[in-house]
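First the proteins, then the strands, lettered A, B, ... as listed; each starts at 1.
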Amino acid sequence: MFFFKELEKTIQLHPSYFGPLIRSHIHRELLLKEEGSSTGKFTIVCILDSFDISDGQVIPGSGAAEYTVHYKAIVWRPYKGEVMDGVVTSVIRAGFFVDCGSLQAFVGRAMIPTDIKFDANATPPQWTDNGDQIIEKGTNIRIKIKGLRSEVDKMYAIGTMKEDYLGPLQS
Amino acid sequence: MKILSPPGLHYPITVGELAKRRDDEVKRSDPLFTYFYETVVEEGDKWGETKEVKKRFPVKFEASIDGAIKEWFVKQGSVVQRPGVSLLEIEEPCTHETQFGGLCVDCGKDMTEVDYLTKEVNSDRATVNMTHDNIALLVSQKEASRAEEDSKKRLLSAKKLSLIVDLDQTVIHTTCERTIAEWQADPENPNYDAVKDVKSFQLADDAVSHVAANWYYVKMRPGLQDFFERMSKLYEMHIYTMATRAYAQAVAKIIDPERKYFGDRILSRDENYTDKLKSLHRLFPNNTDMAVIIDDRADIWGYSENLVRVPVFNFFPGAGDINASFLPKQQELVTQASKGKSVEIAPKAKMEIEGEAPAILSVAASPTETVPAEPIDGATNELEQQLLAMGAGESHEKLEEQAKEQEKVIIAQQTERPLLQQQLVLDKEDEEAEETETAEPAENGHSQSSEHHKHRHSLLHDDDRGLEVIEANLRLVHQTFYDEYRKHRVVPSGGRVAELKGEKSPKKRPRDGHVPDIAEIMPRIKGQTLDSCVIVFSGIIPLGMDVANSDFALWVKSFGAEISLNVNKYTTHVIANPDRKTTKVKKAARYPNIKIVNAEWMFQCCTQWKHVDETPYLIEMDDADRGGSPFEELEDDSINVSGDENGLEPIESPVQLDMSDDQWKSMGDELDDFLNESDGTEDASASESESVVSTNSTSKRKRKRDPESNDNSEDDDSDASINSASKLARRKRRTMERVTSLNTVVNADKSSGLPSPETTGPEEEQGEEDGKTFDPQGEGADLDSDFDDGLEAEMMAEFEKSGSEDI
């Protein structure tokens with residue numbers, strides 16, 4: 001689910017950037033470092049451009065300046081039971097891997113409808129019901145999150161396809 | 001899952017009431033039964049007196065897992081005496097056989113949770129990783145063997161085997177040098193033909209080199225597409241490389257653009273857990289029966305029986321394996337030197353030794369010497385690298401260092417551009433060659449070779465035929481495997497009879513018959529290649545290395561040959577360095593049945609899996625050597641010992657004659673050094689000479705000399721040595737000095753030895769006599785006569801020396 005969230009970030013700036021363009025440097029640094037990063041709980045999708053930069057403070061010893069930036073961002077946090085779209089990255093006998101933005105999900109054999117079977121002899125290997133549903137690398141797919149676990153800067157999810165309207169998307 | 005009585009309870013315990021019956025559903029932390037235990041406690045009464053009372057404490061036993069109760073093993077009143085007794089069995093709805101990132105794939109539960117009920121962490125149930133491209137997905141042993149059984153059936157029905165393919169220097173060769181792009185753009189360049197099909201790519205996240213936009217140039221081994229096309233019918237192919245994931249994928253895109261050969265079966269360093277070793281069990285945890293590996297290195301596979309070792313593909317000379325800096329250093333002394341030099345260099349190299357006109361020599365050497373000064377440079381560089389590697393312990397520092405080393409290699413390739421330099425050298429040589437040609441139009445037999453020097457020489461040669469050889473081997477293995485498999489499938493009628501006789505229960509026989517094991521088949525096929533060969537290495541394996549366990553020895557052994565340390569009557573082949581006449585070569589030359597060949601013969605045999613005809617690889621021996629004049633042997637020996645004989649037979653090393661007093665003195669110092677750090681073999685040699693101390697005064701010198709030679713052997717070697725780096729460096733320097741000074745003596749000695757035919761004449765006969773006496777005697781006697789021979793030679797030498805001094 002997407003949220004609108006206020007966040008805070010401390011940015012250190014090298015003295016060579018001190019000058020009239022300092023604000024844009026801070027802005028660039030913020031976008032570069034934060035956008036797309038994952039905290040383990042949520043992923044920062046987009047930083048909105050209105051943000052609040054504190055007064056800079058020179059760090060003794062290094063000459064770099066430290067700024068505390070308050071900004072608003074759109075973040076994405078996956079929840080158990082959420083339905084999301086992703087792209088299949090790898091297909092194996094035990095299931096297949098799906099990338100949903102920053103979240104890597106795995107759909108196991110038990111979570112795939114029984115009419116879709118693994119075909120190891122196809123090149124490349126695929127899950128298919130021998131009809132129009134083919135799951136191979138690059139397939140767009142809709143899955144539902146069955147389980148979720150977060151580590152420091154990474155999230156793992158278990159997905160399922162065993163419900164209505166889930167599965168490969170026709171594109 | 002069976003619930004056992006846990007450790008840490010107050011045993012014995014008595015089971016009270018069972019809270020759940022059979023087939024009841026239980027939830028985690030539901031009470032299963034009550035139990036009580038008795039213990040003695042101190043109790044105080046109101047008067048402050050304490051007394052010991054036996055008391056009974058009731059406790060609830062809670063379920064640690066969800067599920068339904070399948071069976072009770074205890075009933076009310078049972079007494080459990082110790083931990084580890086089965087209490088009940090709970091059937092779980094999900095056994096968490098497959099886990100992804102700490103989550104069960106089937107039920108989505110977190111496997112890493114730990115609380116007061118946790119007996120064992122759920123994540124321990126799935127520990128096997130058999131996925132190529134992911135380290136987060138783990139399966140249990142049971143699931144792994146199920147998956148393997150599946151793929152085995154699939155492969156058998158498709159009549160295929162699994163083939164693990166290494167990338168770098170096996171099927172491709174990569175360099176980072178920009179020169180390739182320039183050559184590709186220039187059709188005039190002599191290397192244009194060779195590099196026109198080189199593919200290049202960039203890696204987006206190239207954190208390794210810190211250099212922006214690093215281009216990788218990939219040369220496919222000639223015939224690679226056809227090779228894959230044909231092999232994919234016989235094998236299911238996997239990539240297993242020590243490169244990074246991004247690199248492996250980029251290369252896979254080049255060698256398999258449609259992803260039809262490899263699919264997603266790519267395993268890289270990132271998923272390998274270790275960067276030192278490759279293991280079949282990473283991909284096939286339980287069953288490696290049907291897996292064949294092709295790789296150019298055997299050491300990182302631990303000399304696996306499933307390995308088909310292939311000739312190294314070295315297209316860009318000097319580039320090496322850019323992804324090998326994480327691997328243990330390879331012993332490459334000869335491979336590097338002999339690679340690129342083909343068989344025909346042998347006579348030319350010989351010419352070089354004999355010392356013809358230097359101008360001609362450079363011409364003769366240039367077409368084959370693709371890597372200028374490579375042998376020498378390679379050796380010293382490697383030595384230094386190994387010293388470096390020794391200095392750095394097994395730690396994080398080392399890892400960092402290796403990363404830096406790889407970086408350095410890449411940067412060096414980018415900035416120094418060794419290929420370009422080499423081509424320039426080559427061009428220059430060509431020019432010189434033309435000049436010499438015009439200067440001396442007709443020089444004995446070389447006019448022909450100078451003829452095709454007129455156009456510029458190309459540095460790169462697109463003539464690798466390694467894949468054809470590999471293919472033949474792989475076909476052979478495949479055919480043998482399925483022949484055997486079929487044979488076993490036909491057998492069942494016989495098996496049926498046996499079964500009726502009651503010899504074999506039908507249960508024991510798996511339905512799909514016996515599946516042969518590659519690890520048995522391959523050694524059997526290979527073992528026939530050099531069967532009944534007894535091989536002696538001379539001048540091939542670096543000094544001080546354990547010969548029997550050296551890379552080459554293990555390789556040759558896997559083809560059925562025997563390795564022996566010394567030349568004796570059982571020896572059939574001596575593999576020698578054509579540039580050096582070592583003691584062993586000289587000794588072997590006296591036996592007409594021993595074939596003295598260069599290392600190329602070994603490589604050909606081991607790559608083609610055939611006993612290759614030795615003739616083109618024979619090292620030509622002078623008649624004098626064949627005759628076995630002990631005089632020459634003696635003189636050469638003295639050089640070999642102090643120089644670079646491989647130290648395999650320190651016992652045989654005779655006296656050193658041409659030495660001034662201070663040299664003797666320095667040797668004495670070294671002897672002291674040596675005595676402080678003697679080891680087993682040297683002790684043996686010392687005691688060997690001990691027995692003859694009284695016989696002759698020269699033998700005393702000899703003994704001094706013996707440890708000396710051992711000393712040398714320690715010096716030159718860099719792998720086996722355990723000395724500190726600085727000490728080693730010092731001694732290395734010392735050895736180098738000695739080597740150089742004595743190398744100059746070679747020619748002088750030879751010429752000085754020649755003009756006294758009347759003295760060599762009788763000796764020759766004697767030598768022959770000795771040669772004859774070797775044959776009937778056993779090995780033990782062999783040593784003795786050997787020694788006598790040496791002694792006689794010593795005495796003769798001394799005699800001659802004094803004689804020449806008089807003159």
>> Looking at every heavy atom in both A:A110 and B:D106, which two are closest together, and how far apart are they?
In response: CB-OD1, 3.2 Å
> Most heavy-atom pairs under 4.5 angstrom with chain B, which of A:S90, A:G159, A:G108?
Replying inline: A:S90
> How many angstroms lie between CD1 in A:I92 and CG in B:D133, if you round to the nearest 0.5 Å?
Replying inline: 7.5 Å
>> So for atom NZ, which belongs to A:K162, do other residues, nucleotides or ligands contribute more than 12 heavy atoms lying within a distance under 6.0 Å?
In response: yes
>> Regarding A:R93 and B:S151, do their side chains bring together a donor and an acceptor under 3.5 Å, going by distance alone?
In response: no
>> For the interface with chain B, which of A:G95, A:P125, A:A120 has the highest count of heavy-atom pairs at distances below 4.5 Å?
In response: A:A120
>> Taking side chain as everything from C-beta outward and backbone as N, CA, C, O, which of these in B:C94 sits under 4.5 Å from a heavy atom of chain A? Side chain, backbone, both or neither.
In response: neither
> chain B contacts: which residues in residues 19-36 of chain A have a non-hydrogen atom closer than 4.5 Å to it?
Replying inline: none
>> I'd like to check the salt bridge (Lys or Arg N to Asp or Glu O under 4.0 Å) partners of B:K160; sequence neighbours left out, ordered by chain and number.
In response: none
> By a 4.5 Å heavy-atom criterion (distance strictly below it), what part of B:R154 contacts chain A: side chain, backbone, both, or neither?
Replying inline: side chain
> chain B heavy atoms under 4.5 Å from A:Q104: which part of the residue, side chain, backbone, both or neither?
Replying inline: both
> Mind checking what makes salt bridge (Lys or Arg N to Asp or Glu O under 4.0 Å) contact with B:R230, not counting sequence neighbours?
Replying inline: B:E471
>> Shorter than 4.5 Å, heavy atoms on both sides: which option in A:R149, A:K154, A:M155 has the most such pairs with chain B?
In response: A:R149
> chain A heavy atoms under 4.5 Å from B:A136: which part of the residue, side chain, backbone, both or neither?
Replying inline: side chain
>> Surrounding CG of A:D55 (heavy atoms of other residues, nucleotides or ligands, distance under 6.0 Å), is the total greater than 12?
In response: no
>> With a 4.0 Å cut-off on N to O distance, would you call A:R109 and B:E143 a salt bridge?
In response: yes
> Should we say atom OH of A:Y165 is surrounded by more than 12 heavy atoms from elsewhere, each under 6.0 Å from it?
Replying inline: no
> Quick one: salt bridge (Lys or Arg N to Asp or Glu O under 4.0 Å) partners of B:K233, sequence neighbours excluded?
Replying inline: B:E229
> With chain A, which of B:L103, B:D110, B:L137, B:T131 has the greatest number of heavy-atom pairs at distances under 4.5 Å?
Replying inline: B:L103
> Given a strict heavy-atom distance threshold of 4.5 Å, which part of A:I145 is in contact with chain B: side chain, backbone, both, or neither?
Replying inline: neither
> How about A:Y17: does its OH atom have over 12 heavy atoms from other parts shown lying under 6.0 Å from it?
Replying inline: no
> Taking all non-hydrogen atoms of both residues, which atom of B:N134 and which atom of A:F97 are closest, and how far apart?
Replying inline: ND2-CE2, 3.0 Å
> Taking B:H132, B:R259, B:K260 one by one, which has the highest count of heavy-atom pairs under 4.5 Å against chain A?
Replying inline: B:R259
> Can you name the closest pair of heavy atoms from A:F106 and B:V105 and give their distance?
Replying inline: CD2-CG2, 3.4 Å
